[in-house]
Amino acid sequence: MTCLYRGVALPVTTFKGRSFWSSLEAVGMSIEMSSGVLVAEMLEGMAFALGPTMVVRRDCLDRAGGFTAVGEYLGDDFMLGNLMAAHGHKVVLSTHPIEHHILNTSFVSSARHQIRWMRGTRFSRPKGHFGTVLTFSMPYGLLAAVNALALHHPVLAVFLFGWSWATRVALAALVGGLVVRDPHLWGNALLYPVRDLLGFLFWNASYLGNDVLWRGEVYELLRGGLIRNRSHAADGDPVPLGPSHP
């Protein structure tokens, strides 16, 4: 069993309120991530788990190879659920959302974290991640508005951009209210169009490299979501392979 989660931007000490960047990351986590999980469940069924909350029977885990079977993956939470599903067990998505506190208060730290997350998804679910580009709205609304203005149709430009903005607010209100039960519903819903545009940029950035920074060390992402420590690779160590990838 695993749970959806809503992002919570922690208060910062430099000024009253929440950090703008942590708020953007939090609303992306609540809306974009939750929406993607629900769509994946409808299309494919639950064949993965979500990191903050995972409950698994010890005997099922042992028969599937134990924690060593997922230890060499960046998305070990994803792989834990995937491993259970591959061994014939059912992965259940709980209807109880939990809170996930966002600690990144600067643009650099927040962007780095989100690009690392997207880059990991790119290797764990390559087809699903590629298809994510179709789920954004603001980039296409902005592009459509620019083209409409270039064709001297200002009213159409405003309509197309406004429609794009409205669909993002509606999605955030729907998912935030009914799925993750966000206590800052309308504030985050109005913020979500900005996160949608940034999310598109982060999605593009996820294809610009194979390295991720994790706890001060650089790792290279390999096929299937496996990781290799760059410093170990420089010493001539072999590429680590998980049990499911002989």
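FYI, side chains are in, hydrogens and waters are out, and symmetry mates aren't considered; it's all heavy atoms of this structure.
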message = Strictly by salt bridge (charged side-chain N to carboxylate O under 4.0 Å, His left out), give each pair with a member in residues 132-152 just once, sequence neighbours left out.
response = none

Those residues that, when tested against Arg125, pass salt bridge (Lys or Arg N to Asp or Glu O under 4.0 Å) (two or more places apart) = Glu44

note = Minimal heavy-atom distance between Arg6 and Asp182, with the atoms involved, is CD-CA, 4.2 Å

query = Does His113 reach the main-chain N or O of Ser109 with its side chain, forming a donor-acceptor pair under 3.5 Å?
reply = no

request  = Taking the side chain as every heavy atom from C-beta outward, state whether Gln114 and Arg195 have any atom pair closer than 4.5 Å.
outcome  = yes

message = Counting C-beta onward and ignoring hydrogens, is there a side-chain heavy-atom pair between Phe48 and Val91 closer than 4.5 Å?
response = no

ask   = Atom CG in Asp62, atom CZ in Phe67: separation rounded to 0.5 Å?
value = 9.0 Å

query = When rounded to the nearest 0.5 angstrom, what distance separates CG in Asp76 from CE in Met79?
reply = 10.0 Å

key: salt bridge (charged side-chain N to carboxylate O under 4.0 Å, His left out) partners of residues 150-179, not counting sequence neighbours, each pair once   = Arg168-Asp196

inquiry  = Within the structure provided, determine whether Asp211 and Leu221 are in side-chain contact (heavy-atom separation under 4.5 Å).
reply    = no

Please report, to 0.1 Å, the donor-acceptor pairs under 3.5 Å made by any side chain of residues 127-151, with sequence neighbours excluded.
unit_1, atom_1, unit_2, atom_2, d
His129, NE2, Ser206, OG, 2.9
Thr132, OG1, Gly128, O, 3.0
Thr132, OG1, His129, O, 3.2
Thr135, OG1, Thr132, O, 2.6
Ser137, OG, Ser164, O, 3.4
Ser137, OG, Ser164, OG, 2.9
Ser137, OG, Thr167, OG1, 3.3
Tyr140, OH, Val133, O, 2.7
Asn147, ND2, Leu143, O, 2.8

query = Heavy-atom count around Trp165 CH2 within 6.0 Å, excluding the residue itself: above 12?
reply = no

query = How many angstroms lie between CH2 in Trp21 and OG1 in Thr105, if you round to the nearest 0.5 Å?
reply = 12.0 Å

Pair listing, salt bridge (charged side-chain N to carboxylate O under 4.0 Å, His left out) test, anchored in residues 46-59, at least two apart = Arg57-Asp59, Asp59-Arg63

ask   = Do Glu32 and Tyr192 touch side chain to side chain, with heavy atoms closer than 4.5 Å?
value = yes

query = Heavy atoms, side chains only, cut-off 4.5 Å: are Ile115 and Leu208 in contact?
reply = no

task = Please name all residues satisfying side chain to side chain contact (heavy atoms under 4.5 Å, CB included) with His100, sequence neighbours left out, ordered by chain then number.
result = Tyr5, Met29, Pro52, Ile102

